[in-house]
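Notes for the one structure printed next.
Read the numbers this way: they start at 1 and go in the same order the structure lists the ligands and their atoms. These figures come from a predicted structure and were not determined experimentally. Keep in mind that the numbers below use all heavy atoms, side chains included, and drop hydrogens, waters and symmetry copies.
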Amino acid sequence: MAQQTGLHVAGRWQTGEGEIENRNPSDVSDLIGCYAQASAAQLDEALDAARRAQPVWWAAGIQKRHDVLMAIGTELMARADEIGRMIAREEGKPAAEGKGEAYRAGQFFTYFAAEALRNQGDLAQSVRPGVEIDVRREPVGVVAIISPWNFPVATPAWKIAPALAFGNAVVWKPANLTPASAVMLTEVIARQDIPPGLFNLVTGSGRSVGQRLVESRTVDAISFTGSVPVGRGIASACCVNMTKLQMEMGSKNPMIIMDDADLELAVAHASGAAFGGTGQKCTAASRLIVHEKVHDAFVDGLVAAAKGWKVGHALEEGTQIGPVVSEGQLRQNLDYIGIGKAEGAELLCGGDRLERATEGHYMAPSVFAATRNDMRINREEMFAPVTCVMKAGSYDEALAIANDSEFGLTAGIMTRSLARASHFRANMRAGCVMVNLPTAGTDYHVPFGGRGSSSFGPREQGSYAAEFYTTVKTAYVAAGNPE
Ligand code: NDP
């Protein structure tokens with residue numbers, strides 16, 4: 001058995017109560033390591049330490065917080081290649097994408113380093129003469145962060161960076177499928193001159209560590225990214241404890257392809273957004289709503305593009321799509337292929353497991369045509385390299401189909417008409433709308449989030465992140481008479 005990689009609690013690396021094996025989804029014979037599982041006592045210790053460290057960090061001031069965040073961001077960017085390779089090895093995205101993710105994580109830290117300096121308040125006049133009012137933002141306190149495996153460094157980065165920038169302490173539970181990336185990010189943060197216990201890594205399963213963290217009365221705020229069912233459970237616990245909550249969850253992102261679209265570009269964007277990252281993105285294009293006049297030509301192009309992707313080992317030169325993250329996820333994906341066929345959808349390509357030189361969880365990019373929006377494959381998030389095409393007779397019909405979903409994260413339209421693009425931007429019920437762009441791919445300095453079951457609570461990222469990571473205090477001061 002490999003030596004256990006520990007967790008980071010109260011300023012110290014510690015061994016866990018138990019451990020899990022972490023294996024490479026591109027090659028299951030590659031054991032990345034054994035990773036600690038936090039005990040209940042270790043989680044409680046992390047929460048106590050965070051509570052003590054938080055006021056020290058707030059008192060340290062904005063220059064200190066700026067400097068620490070800049071140092072973290074700069075190191076992540078400088079080491080993007082090395083960290084990106086680890087992301088690729090344990091999550092399965094191609095190394096170039098892993099590198100891009102690590103670099104972007106660095107950008108979140110440098111962006112929020114500057115936001116730390118901009119934490120300004122407001123002055124207001126009082127209706128009572130002689131009274132002064134100011135409104136200022138203070139930290140919420142101890143923030144619990146629960147993150148998924150699909151962006152194992154970028155997602156926690158866009159939560160940890162604002163939490164620290166605005167003076168909070170953090171207890172982070174990463175996904176158990178990607179502990180190695182979590183340890184690498186923690187090493188960079190823990191190396192900084194920060195109060196012991198300000199930042200804690202509590203690796204472990206959602207059912208044990210996650211659940212205990214969520215139910216803790218000593219947590220002031222929870223930021224979660226993951227599935228809707230787990231999100232619902234977290235929301236219930238937060239209602240009981242009155243904990244501030246922000247969540248990003250599932251999606252079923254539509255992309256409308258109009259009859260006046262640049263078809264070649266539409267195929268490229270749809271294929272990239274549907275299959276990039278093995279389809280394991282909350283911004284993936286999973287419902288393609290195509291005008292009947294260009295339907296057949298678009299579908300031919302999409303199937304050719306789907307077949308053209310090079311699926312292989314994430315660390316191999318030339319790989320464009322890596323494996324599915326785990327055997328369990330692959331099984332779920334193949335189940336959805338069966339569900340789609342049973343519902344009467346036409347599988348035009350893919351749908352099967354692929355054999356490669358190493359034993360991994362490979363799946364061919366898959367296109368379903370002749371689908372209806374009421375089919376399960378168009379209603380439930382698959383998180384798979386599978387996309388579904390629907391035909392529409394008009395823009396109005398396409399928009400109605402696009403809006404008919406419990407989710408509302410991202411949505412796109414491909415059209416040359418400015419009037420339609422403007423109408424879509426105004427009438428599409430989604431947190432992010434894309435015109436002549438893929439549904440996936442967002443910037444790091446502007447808000448990100450959705451509507452309906454996709455999101456809950458204040459937005460993440462950009463200056464809007466202050467809404468969640470701070471609490472507002474209104475101070476009334478009687479000016480008094482000078483003595
Ligand atoms: P989960 O929602 O199960 O997991 C997300 C995070 O929550 C993980 O850290 C997980 O821990 C943790 N968790 C699980 N159960 C609890 C709990 N009871 N209390 C607190 N934390 C908990 O998503 P999965 O990773 O299992 O993925 C399942 C599906 O969710 C995917 O197929 C996809 O549809 C969707 N998903 C969507 C994402 C998005 O960005 N929209 C991201 C990831 C998943 P653990 O380490 O044990 O998994």
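- At the top of the distance list for atom 30 (O) of ligand 1, counting protein heavy atoms only, stands S227 CB, 3.0 Å.
- For atom 26 (O) of ligand 1, the nearest protein heavy atom (residue, atom name, distance) is W149 NE1, 4.5 Å.
- Regarding atom 48 (O) of ligand 1, its nearest protein heavy-atom neighbour is N176 N, 4.4 Å.
- Annotation: atom 38 (C) of ligand 1 to nearest protein heavy atom, F383 CZ, 3.4 Å.
- Ligand 1 has Q329 within reach: a non-hydrogen atom of the residue lies less than 4.0 Å from it.
- For atom 6 (C) of ligand 1, the candidate residues are S147, A175, G226, S326; the nearest heavy-atom contact is made by S147.
- The shortest N or O to N or O distance between E248 and ligand 1 is not under 3.5 Å.
- Distances from atom 47 (O) of ligand 1 to the heavy atoms of S455, G206, S251 show the closest one on G206.
- Counting heavy atoms from C-beta on, the side chains of M390 and N373 come closer than 4.5 Å.
- Ion pair D30/R89 flagged as a salt bridge, since at least one NZ, NE, NH1 or NH2 atom sits closer than 4.0 Å to an Asp/Glu carboxylate oxygen.
- Atoms of ligand 1 lying under 4.0 Å from at least one heavy atom of Q332, given by number and element, are 32 (O).
- We find that E406 and R379 are not joined by a salt bridge, their nearest charged nitrogen and carboxylate oxygen being 4.0 Å or further apart.
- Listed by atom number, the atoms of ligand 1 under 4.0 Å from C282 heavy atoms are 39 (C), 40 (O), 41 (N).
- Ligand 1 has no atom lying under 4.0 Å from any heavy atom of F151.
- Of the heavy atoms in M249, only backbone atoms (N, CA, C, O) come closer than 4.0 Å to ligand 1.
- Protein heavy atom nearest atom 34 (O) of ligand 1, with residue, atom name and distance: E381 OE1, 2.9 Å.
- Using a non-hydrogen distance threshold of 4.0 Å, P174 registers as a contact of ligand 1.
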